[in-house]
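I have placed the structure first, in the form of structure tokens, so that the comments after it can refer back to it.
Index from 1, following the sequence. The model shown is predicted, which means the values in this text are computed figures rather than measured ones.
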Amino acid sequence: MAPVGAALWRSLRAHQVYGANTDVGKTIVSTILCNAVQRQKSPGKAAFLKPVSTGALDDADDRHMQRYAAGVSTKCLYQFDEPVSPHIAAQQKNSTIPRDDEIISSVHKTLSGWAGSDVNFALVETAGGVHSPGPNGNSQADLYRPLRLPIVLIADSRLGGISSSISAYESLLLRGYDIHSVLLFRDDYYQNHEYLNAYFQKKSIPLVPLTPPPSKPTSLDAESLARDEEAMATYYGRVAQTTDIEGLLDQLTAKNTERLDRLEAMASRAHDTIWYPFTQHHGMAPKDITPIDSAYGDYFQTFSKGDGAGQEGKLQATFDGSASWWTQGLGHGNPDLSLSAAYAAGRYGHVMFPGNIHEPALSLAELLIQSIDNPRLKKVFYTDNGSTGMEVAVKMGLRAACDRYGWDASKEQISILGLKGSYHGDTIGVMDCSEPSTFNQKVEWYRGRGYWFDFPQVKMSQGVWKIEMPAELNDSLGPDLELPSLNAVFDVEERVRSDAGQRYKQYIKSTIETLVRDKGMKLGSLIMEPVILGAGGMLFCDPLFQRCLADVVRDHPDLFASTTRAAQTATSWSGLPIILDEVFTGLYRLGRKSSASFLNIDADIAVNAKLLTGGLIPLCTTMASREIFQAFSSPEKSDALLHGHSYTAHAVGCQVAVDSLQTMMKMETSGSWDEYRADWRVPEPVGRETSSGGKCPEVWSVWSHRLVHDLSHAASVDGVFSVGTVLSISLKDLHGGGYTSTAARGLQERLAAGGPTFAVHSRVLGNVLYLMSSVTSKPETLGEVEAILREALI
């Protein structure tokens, strides 16, 4: 079922009623509020929605509202007869249990209908306490979170109620809810209202104590029930006269208006104050800026202003098609990761790192070393983002090379080997590790210190997997290739002994000989983004070429210095330290824990960020071999790796990363991605033996094989590929393409317009538009995105 926009209207003040516990009087408070709305002089009426109700129909909360609040519209969506928790009641009823998204959609549809009527105030009342389970067993706090309705919290006036009320408030806050008011019944013995009033005053949340209702009758005979009904009617009349509920309603109205006013003004305010990254501001207008009210799961809640002709602004669900700049792994607003962050923040805050150790940093380092399947990597260095992590990696690699070869970097230029289109970050050092491009040519200190190989690129075109050679290198690398499947493309152990593999190696070796022996270059490291070069334009490098490049470097150390020594152990670096920048492609972005595994290369230095914390908080690790580490060991302090950040090994980030990685590792083995794998499985059994004794690898994507095939036939598409969570579409551009191309803008605009229920946020890199999902995205979600994409292109 399609997602819905968060519930927000100027014409309808909609709130969700949560209780700090069961039996705290949620429905009585809801009735008091709805009655007060009915008495207001302003036009309009109140409505009451009970999404899930359990117990006898006569005792249902919507029936209570009908009995004591005349004129209030009421509705119950799912009624279960047993007076037990909804997850038990739903199981006992011999019918299909409504899915969480069905419940959410029904709530939103009901509220939308009321927003278009004379209803101007609505309450959506939950069942039980904040974490009481819904029909599927999920906490209500998570079930209703996509709607992100402002909260009216009913606190508990009983013994222990202070604790349960504050705990309920914190649970809601942890999930990104806004608590607009707190109400509870006055109890002069426990006096919870006095304590909680002082507590919530500090949070600027109004608290209203109410006269408690009459006690329930002990007998259920008709006479007792009649007296109870009369007593409740009298009670509601008395509360209306003695409590300033209308003042509270005015405050709720003001908060609803303020929220909408803020959203409407955000784009203009941002235009005045924000300097955006990777953005040319010339000609930019506020309309080009999208306000995001919240995010949950795979979706942003984006705000679009009204048309000024009667159509009011609204929140719309928008699929996060860039995975929030490639960071999103376990879904926005993930409550488990939020709890991990809160735990570490409460335990540590931030503590300085040099000479100290805390459990999250140690646990993460050990987890990475044990699980990354690279016997070379034994040390973990912490930074805060991919660019700074790569700065550290370059320092490591160059120091190790200079140490081995006796070079003095203060007197001679030490360069790197890389690939054209590489991008390793925007800090000054790693900027020099990329060829001249739009990203760096106008940066005043940029020098460009290296040599960058042009390389064969992989794409599907007209239903065929093709490996296209750079035009100027056809003679050296041979003709373009066609392969029967994506698995065949990645079968590097089979392909490395092929004619293409031999051509690649010969070309690479002769090029390096020319650079070193004829041009006198000193090369200190080989740096590659495995498989896909991200910011350079989603360039899918033939994995065989990257494998051959690593093999040539390691097999021919004599290429780089006149005197060198052989590798001392199986894990010693040879020729050059190999640095793999897995900031984008690592940690399951391409469906595997390490993208180096696609190449069967063990890096000497590897950098991970982006998915490291599941999309919640900045963190980066640079892992290195023990031999690289030893290159900095000396009696002199100046020989140490003098690099660090105030927030190095941030405890909150490390704890979140541990939990994020463990979650993704469990997904890998639990069958979470089996449906995707099956869709991409080649007819022959995956895992067949190859002539080289290796295994034919299994490569898969969350984007359907049929979609990639069909898009490759689209008239406007030059090529397409998909690996893991990444889908890349290269559009034809008669003017040549590249980062400055505008060929993909039209497609981006069509996706932003969306389908009938949601839009798609996407990013373009020149003539390339890419889409990316979380690792938790569901097939039905991506199926709907694919339908929008098909409508736009085919």
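- Residues Arg10 and Asp261 meet the side-chain proximity criterion, which asks for heavy atoms closer than 4.5 Å.
- Remark: Glu229 pairs with Arg67, Tyr68 by the side-chain contact (heavy atoms from CB on, under 4.5 Å) rule, at least two apart or across chains.
- If you look at Phe200 and Tyr169, their ring centroids are closer than 6.0 Å.
- With respect to the salt-bridge test (charged N to carboxylate O, under 4.0 angstrom), the residues Lys26 and Glu125 do not qualify.
- Ion pairing between a basic and an acidic side chain is recognised when a charged N comes within 4.0 Å of a carboxylate O; Asp61 and Lys50 show such pairing.
- For the pair Tyr18 and Val152, the minimum side-chain heavy-atom distance is 4.5 Å or more.
- Looking only at side-chain heavy atoms (C-beta outward), Arg158 and Val24 come within less than 4.5 Å of each other.
- Looking at Leu207 and Gln201, their side chains never come closer than 4.5 Å, going by heavy atoms from C-beta outward.
- For the pair Leu184/Leu210, no side-chain contact is recorded, criterion being any heavy-atom separation below 4.5 Å from C-beta on.
- In this structure, the side chains of Met667 and Tyr588 stay at 4.5 Å or more apart for every pair of heavy atoms.
- Pairs of residues two or more places apart, or lying in two chains, never qualify as side-chain hydrogen bond (donor to acceptor under 3.5 Å, both in side chains) while including a residue from residues 238-250.
- The shortest side-chain heavy-atom distance between Phe48 and Ser73 does not fall under the 4.5 Å cut-off.
- The residue from Leu33, Val29, Thr27 that alone fulfils the side-chain contact (heavy atoms from CB on, under 4.5 Å) condition with Thr31 is Thr27.
- Residue Gln191 places its CD atom among more than 12 non-hydrogen atoms of other residues, nucleotides or ligands, all under 6.0 Å distant.
- Remark: Arg148 engages Asp178, Asp293 in a side-chain hydrogen bond (donor to acceptor under 3.5 Å, both in side chains) (not counting sequence neighbours).
- Heavy atoms from other residues, nucleotides or ligands lying under 6.0 Å from NZ of Lys255 number more than 12.
- For Arg347, the CZ atom is densely surrounded, since the number of other residues' heavy atoms within 6.0 Å is greater than 12.
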